[in-house]
Engineer: 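Below you'll find the structure I mean.
Below, chains carry the letters A, B, ... as their sequence lines are ordered, and counting in each starts from 1.
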There are 2 protein chains.
Amino acid sequence: MTAHTIGRLARAADVKVPTIRFYEQIGLLPEPDRTESDRRVYQDDAVRRLAFIKHARQLGFPIEAIRTLLDLADNPDRTCEDANALAQEQLSAVETKIAQLEALRAELKRMVAAGCDGLAGDCRVIETLADHSLCAQEHAAPERLAPA
Amino acid sequence: MTAHTIGRLARAADVKVPTIRFYEQIGLLPEPDRTESDRRVYQDDAVRRLAFIKHARQLGFPIEAIRTLLDLADNPDRTCEDANALAQEQLSAVETKIAQLEALRAELKRMVAAGCDGLAGDCRVIETLADHSLCAQEHAAPERLAPA
DNA sequence: CTGGATCCTCTAGTCGCTAGAGGATCAAGC
DNA sequence: GCTTGATCCTCTAGCGACTAGAGGATCCAG
């Protein structure tokens, strides 16, 4: 039953301070008590709730799914069909994504293997990009990679 | 040597009209000629350039990389080291991503397999989310999945 | 000559944070 | 008591790569 500052909470859950304020703003974390000087004061349950959120994010669940999941965790007397459905959905999304990335990997490997040492005019990488018909298979990356 | 409206260009390259205007705005596509009534007029080279961009995006290259790649394609007398390096970088990013997603998939499979039919209080999905120590391996999704 | 498609510019929204400005407060050392 | 540096506060804006929508002009087929 220890009280935590936002900084301590952040360290405890390995999350950045502004992220906590952001989660509060969008209603994933409840508004905590405040000191007289308006500083947030958290209890241990906040650490658990934040860890839950962090873990779900690591597993790739979008915020709105986490909202549902938290709701279920808060109400253990409700049926958990939604949780199962969300997990299944997430699994499908991950599997789709892996398949797409494997197609990309194959294409990129071909590009890299054919890479040239000379002039851009003869570069297989650039040529491959210019002409989709050179590709062995269909591929499409739905979003950016290598974010940080 | 046909002239195209923006709509025709969009259909030719299978890209949305606002995306073309966006690419122009950020300087990936040059500003085209205009009709008297200010409508954009494109030549065939714009179709090729846009196809190049689209293909590179499909392969997951970020815009800034594509800028470099286009630069090289525009200057065939320059060396193509950069193109090779970018392709290699992109390949590494894809491989990292695949590895992460495979760890996620394993974790999600475990969650789904243990899924319950009953109450949220007994739900293995929620329990797994609440307690990272239940996880078989490390995992971390660097970004969202299933975008569209 | 009319009506629906297409075009124009501009602004704001998406997602999940992250960074920074500008200022208040706290805790530790002297 | 005083200073200093860490931490806290709110607020706004930015990231990437678009996408959506408002409000209006223009084009073309029938």
Engineer: So which heavy atom on Asp44(A) is nearest to which on His4(A), and how close?
Structural biologist: OD1-NE2, 2.8 Å

Engineer: Go through the steps to decide whether Val41(B) and Thr5(B) satisfy the test side chain to side chain contact (heavy atoms under 4.5 Å, CB included), and finish with yes or no.
Structural biologist: CA-CA 5 Å; Val41(B) 180; Thr5(B) 63; over 6 Å; no

Engineer: Of all the choices, dC8(D), dC17(C), dA17(D), which nucleotide is nearest to the side chain of Arg39(A) once you look at every atom?
Structural biologist: dC8(D)

Engineer: Quick check: on DNA chain D, is the nucleotide nearest Glu36(B) upstream (toward 5') of the one nearest Gln25(A), or the reverse? Name the residue that is more 5'.
Structural biologist: Gln25(A)

Engineer: Rounding to a whole Å, what distance do you find between Arg21(A):CZ and dA21(C):C1'?
Structural biologist: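 After rounding, the gap between these two atoms is 13 Å.
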
Engineer: Is there a side-chain contact between Gln43(A) and Arg48(A), using heavy atoms and a 4.5 Å cut-off?
Structural biologist: no

Engineer: Give the nucleotide from the list dT18(C), dC8(D), dT6(C) with an atom nearest to the side chain of Pro18(A).
Structural biologist: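 The listed nucleotide nearest to Pro18(A)'s side chain is dT18(C).
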
Engineer: Between dT25(C), dT10(D), dT9(C), which nucleotide gets closest to the side-chain atoms of Arg34(B)?
Structural biologist: dT9(C)

Engineer: Please tell me which of the listed nucleotides, dT9(C), dA25(D), dG16(C), lies nearest to the side chain of Arg57(A)?
Structural biologist: dG16(C)

Engineer: Any heavy-atom pair between the side chains of Glu24(B) and Pro30(B) that's under 4.5 Å?
Structural biologist: no

Engineer: Answer with base, sugar-phosphate or nothing: what part of the nucleic acid does Ile26(B) contact at a heavy-atom distance below 4.0 Å?
Structural biologist: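 The answer is nothing, as Ile26(B) stays clear of every strand by at least 4.0 Å.
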
Engineer: Would Arg49(A) and Asp74(A) count as a salt bridge (Lys or Arg N to Asp or Glu O under 4.0 Å) if you check the C-alpha gap in whole Å, the side-chain angles of each, and the deciding distance to 0.1 Å?
Structural biologist: CA-CA 10 Å; Arg49(A) 194 176 181 88; Asp74(A) 288 343; 3.1 Å; yes

Engineer: Let's see if you can work this out: which of dC8(D), dC17(C), dT19(D) has an atom nearest to the side-chain heavy atoms of Phe22(A)?
Structural biologist: dC17(C)

Engineer: Taking the nucleotide of DNA chain C with the nearest heavy atom to each, does Ile63(A) or Arg8(B) sit closer to the 5' end?
Structural biologist: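 Its nearest nucleotide being more 5', the pick is Arg8(B).
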
Engineer: Of all the choices, dT18(C), dC26(C), dC27(D), which nucleotide is nearest to the side chain of Ser37(A) once you look at every atom?
Structural biologist: dC26(C)

Engineer: Any side-chain N or O of Tyr23(A) below 4.0 angstrom from OP1/OP2 of dC17(C)?
Structural biologist: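 Answer yes for this pair, as a side-chain N or O of Tyr23(A) is under 4.0 Å from OP1 or OP2.
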
Engineer: Considering only side-chain heavy atoms of Ile6(B), which listed nucleotide, dC8(C), dC27(D), dA17(D), is closest?
Structural biologist: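 The answer is dC8(C).
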
Engineer: Counting side-chain heavy atoms from CB outward, which of dC8(D), dC17(C), dA17(D) is closest to Thr19(A)?
Structural biologist: dC17(C)

Engineer: By the 4.0 Å heavy-atom rule, please label Arg40(B) as base, sugar-phosphate, or nothing.
Structural biologist: sugar-phosphate

